[in-house]
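Because only heavy atoms are used, hydrogens play no part in the values below, and waters and symmetry mates are left out as well, while side chains stay in. Every chain is numbered from 1, with letters handed out A, B, ... down the list of sequences.
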There are 2 protein chains.
Amino acid sequence: MANPSKHEVKQRMARFEQVCREARVRLTHQRLEIFREVAQTGDHPDAEMVYKRVRERMPTVSLDTVYRTLWLLNDHGLITTLGPSRERTRFDANLASHHHFVCIRCGLTRDFYSEELDDLKLPRSAKAFGWIEATLVEVRGVCRECAGNTATAKKPNK
Amino acid sequence: MANPSKHEVKQRMARFEQVCREARVRLTHQRLEIFREVAQTGDHPDAEMVYKRVRERMPTVSLDTVYRTLWLLNDHGLITTLGPSRERTRFDANLASHHHFVCIRCGLTRDFYSEELDDLKLPRSAKAFGWIEATLVEVRGVCRECAGNTATAKKPNK
DNA sequence: TTAGGTGCAAATTCTTTGCACCCTG
DNA sequence: CAGGGTGCAAAGAATTTGCACCTAA
């Protein structure tokens, strides 16, 4: 398993406590356990998975607390989401090899092309996971419209 | 707008008709319009957006037909999805710069590190979209377990 | 003490499904 | 003309919210 080291987990927990204190966010048992669960695994669980695992140690947590806590952690920069956060599935008819620019404020996603990027040299650690079909580069940034217009920004999660 | 050229759209439509015929999938008005909608835009719409736009031309389509058709097109390789298809939001406590290996069969996602990949040279076309915060590489492939065990594969969408 | 946080249950939102009728091949 | 495809309505999932009680600071 490619889980973070004990040391790394400790660092994450420390940062979590620090950020919570600075932001005046209460350190409850639930939050502690929910964060610990995400911090100590390398497999990027979804809310349901976190819920199941935390419940083993803390049988009274509720799923809605897990959701609330995960988004809270996300809003405070303690965790991130894989792929576009809180969005529905989006479709793409471009079958040619291409890459994406994604605006982290409004979600705008545009294709771009680069032969150089289509054929990246990958480190051994990446190849070790299995057979590789394709690599694609996701460029995260702020699109021109959002950069020029603060109001375009997505509302933070409360 | 970075939409595909008229010529490109025509090619996509032609491929669509060809694939449908080969797969014995009926070419209905609905499918034609739904595919056209995805094929002619560069903005990666979700099901709801496709529905709204198609309905302007074809006021009787239903949302469920849009869903069914999009997944059908996906299953036949005529379109793809952005990010992990049909999955819920997944969380990640790894704040260090890193990249992902994603198994296209089972969804396994693992981190890997590469200073070289952290600092890719991007083409001008990518920079033109706006301010760039970070780039991350997504390696798509088949993990070792799935490669060795066909049964692990995710069921195709019916 | 006291405002923020939690669990519960109900509400929403998004997506899928069953069924009778319709239309492509 | 036959069987796949569609629209409708209803079911199912996934996620969020209102509220009364609880608890960290």
Side-chain angles (χ1 to χ4, degrees), chain A residues 16-35 37 45-52 54-55 57-76 78-79 81-91 107 154-158, chain B residues 16-35 37 45-52 54-55 57-76 78-79 81-91 107 154-158:
Chain A
F16 162 70
E17 299 201 4
Q18 187 201 329
V19 169
C20 284
R21 261 191 278 278
E22 280 173 12
R24 298 287 139 85
V25 165
R26 292 190 185 172
L27 268 122
T28 61
H29 298 303
Q30 289 87 338
R31 287 177 179 166
L32 201 71
E33 292 307 319
I34 290 165
F35 179 74
E37 193 51 54
D46 61 25
E48 192 78 37
M49 262 191 262
V50 173
Y51 173 58
K52 279 200 192 111
V54 168
R55 208 165 39 159
R57 282 175 268 140
M58 186 182 254
T60 59
V61 273
S62 61
L63 180 57
D64 57 87
T65 294
V66 172
Y67 275 106
R68 279 189 285 229
T69 302
L70 288 172
W71 290 120
L72 176 119
L73 296 169
N74 180 67
D75 292 345
H76 286 276
L78 286 161
I79 62 177
T81 57
L82 255 49
S85 119
R86 286 190 164 182
E87 279 200 7
R88 327 210 190 95
T89 305
R90 291 166 64 168
F91 298 86
K154 228 176 207 175
K155 285 169 238 92
N157 306 315
K158 256 234 234 58
Chain B
F16 162 71
E17 299 201 3
Q18 186 201 331
V19 169
C20 284
R21 260 192 278 278
E22 279 174 11
R24 300 284 139 84
V25 165
R26 293 189 184 172
L27 268 123
T28 61
H29 296 304
Q30 288 88 338
R31 287 178 179 165
L32 200 71
E33 290 309 317
I34 290 166
F35 179 74
E37 194 49 58
D46 62 24
E48 194 77 36
M49 259 189 265
V50 174
Y51 174 58
K52 277 197 194 115
V54 169
R55 209 165 39 158
R57 281 175 270 139
M58 186 183 254
T60 59
V61 274
S62 62
L63 181 56
D64 57 271
T65 294
V66 172
Y67 275 105
R68 279 188 285 227
T69 302
L70 288 171
W71 291 120
L72 175 117
L73 295 170
N74 180 67
D75 293 346
H76 286 276
L78 286 161
I79 61 178
T81 58
L82 256 49
S85 119
R86 288 193 162 177
E87 280 201 7
R88 330 212 185 92
T89 305
R90 292 167 63 169
F91 297 88
K154 229 176 207 172
K155 286 170 237 86
N157 304 314
K158 253 229 239 64

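Using a 4.5 Å cut-off on side-chain heavy atoms (C-beta onward), B/Glu33 and B/Val61 make no contact. With contacts defined as side-chain heavy-atom distances shorter than 4.5 Å, the pair B/Phe35/B/Leu78 qualifies.
Atom CG of A/Leu70 is separated from atom CZ of B/Phe91 by 4.5 Å, given to the nearest 0.5 angstrom.
Separating the OH atom of B/Tyr67 from the C1' atom of D/dA13 is a distance of 12 Å, rounded to the nearest angstrom. Rounding to whole angstrom units, CG of residue A/Leu63 and P of C/dG5 are separated by 19 Å. For A/Met49 and D/dT15, the CE to P distance is 11 Å, given to the nearest whole Å. The separation between A/Phe35 atom CZ and C/dG5 atom C1' is 19 Å, rounded to whole Å. Spacing between atom CG of A/Leu72 and atom P of D/dT17 amounts to 14 Å, rounded to whole angstrom units. The distance between atom CG of A/Asp64 and atom P of C/dA10, rounded to the nearest whole Å, is 13 Å. Spacing between atom CD of B/Glu22 and atom C1' of C/dG25 amounts to 16 Å, rounded to whole angstrom units. When the P atom of D/dG5 is taken as reference, atom CG of B/Leu73 falls 12 Å away, rounded to whole Å.
The shortest distance between the side-chain N/O atoms of A/Arg86 and the OP1/OP2 oxygens of D/dT16 is below 4.0 Å. Put simply, A/Trp71 has no side-chain N or O that comes within less than 4.0 Å of OP1 or OP2 on D/dT15. Between A/Thr65 and C/dG7 there is a side-chain polar atom (N or O) within less than 4.0 angstrom of OP1 or OP2.
No N or O donor and acceptor, one from the side chain of B/Arg21 and one from the base of C/dG25, sit under 3.5 Å apart.
Checked against side-chain contact (heavy atoms from CB on, under 4.5 Å), B/Glu48 has the following partners two or more places apart in sequence or in another chain: A/Arg88, B/Asp46, B/Tyr51, B/Lys52, B/Leu63. The side-chain contact (heavy atoms from CB on, under 4.5 Å) search around B/Leu82 returns A/Arg90, A/Asp92, A/His100, A/Thr109, B/His44, not counting sequence neighbours. Residues passing the side-chain contact (heavy atoms from CB on, under 4.5 Å) test with B/Leu32, sequence neighbours excluded: B/Met13, B/Phe16, B/Glu17, B/Leu27, B/Arg36. Every residue meeting the side-chain contact (heavy atoms from CB on, under 4.5 Å) condition with A/Thr65, not counting sequence neighbours, appears here in chain and number order: A/Gln30, A/Ile34, A/Ser62, A/Arg68, A/Thr69.
Nearer to the 5' terminus of DNA chain D, by closest-nucleotide assignment, is the contact made by A/Ala47 (compared with the other of A/Ala47 and A/Arg68).
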Residue pair B/Val25, B/Leu72: steps toward the side chain to side chain contact (heavy atoms under 4.5 Å, CB included) verdict = CA-CA 9 Å; B/Val25 165; B/Leu72 175 117; 4.0 Å; yes
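Of the candidates D/dA14, D/dG7, C/dT16, D/dA14 carries the atom nearest the B/Arg88 side chain, counting heavy atoms from C-beta on.
Contacts of residues 23-34 of chain A with DNA chain D (heavy atom under 4.0 Å): A/Arg26, A/Leu27, A/His29.
For NE2 of A/His29, the number of neighbouring non-hydrogen atoms (other residues, nucleotides, ligands) closer than 6.0 Å is 12 at most.
Annotation: the terminal axes of the helix from C/dT1-D/dA25 to C/dG25-D/dC1 meet at 50°, where each axis is the rotation carrying the C1' atoms of four end pairs onto the next four (5 pairs per end, rounded to 10°).
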